[in-house]
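We count residues from 1, following the sequence as given.
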Amino acid sequence: MHDDELHTAFMNARSSERLQLLELLESKLDRLAADKASRDQVFSALKDWINLRRPSSNKTKPETTQ
């Protein structure tokens, strides 16, 4: 695969991933609206939703016991 083809494939994958996240976000907002969530509940739910999807270095590290 040439560099240009690789770059195009990479950009297409990123675009597809962003679109999927936007669709998930839209669905989450629709559910919150249907539940008549308050402003604070919406912010809290969205922060939780973001944190679940955010890559974390803790997920790749083995757990340590104390």
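- Annotation for Phe43: hydrophobic cluster partners, listed by chain and number, are none (ILVMFWY side-chain heavy atoms under 4.5 Å, direct or chained).
- Under the rule for a side chain to side chain contact (heavy atoms under 4.5 Å, CB included), the partners of Ser38 that lie at least two apart in sequence or sit in another chain are Asp40, Gln41.
- Considering only residues two or more places apart in sequence or on other chains, Ile50 meets the side chain to side chain contact (heavy atoms under 4.5 Å, CB included) condition with Arg54.
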Mind listing the side-chain donor-acceptor pairs of residues 13-31 below 3.5 Å, one per line with the distance, residues two or more places apart or on another chain?
residue: Ser27; atom: OG; partner: Arg31; partner atom: NH1; Å: 2.9

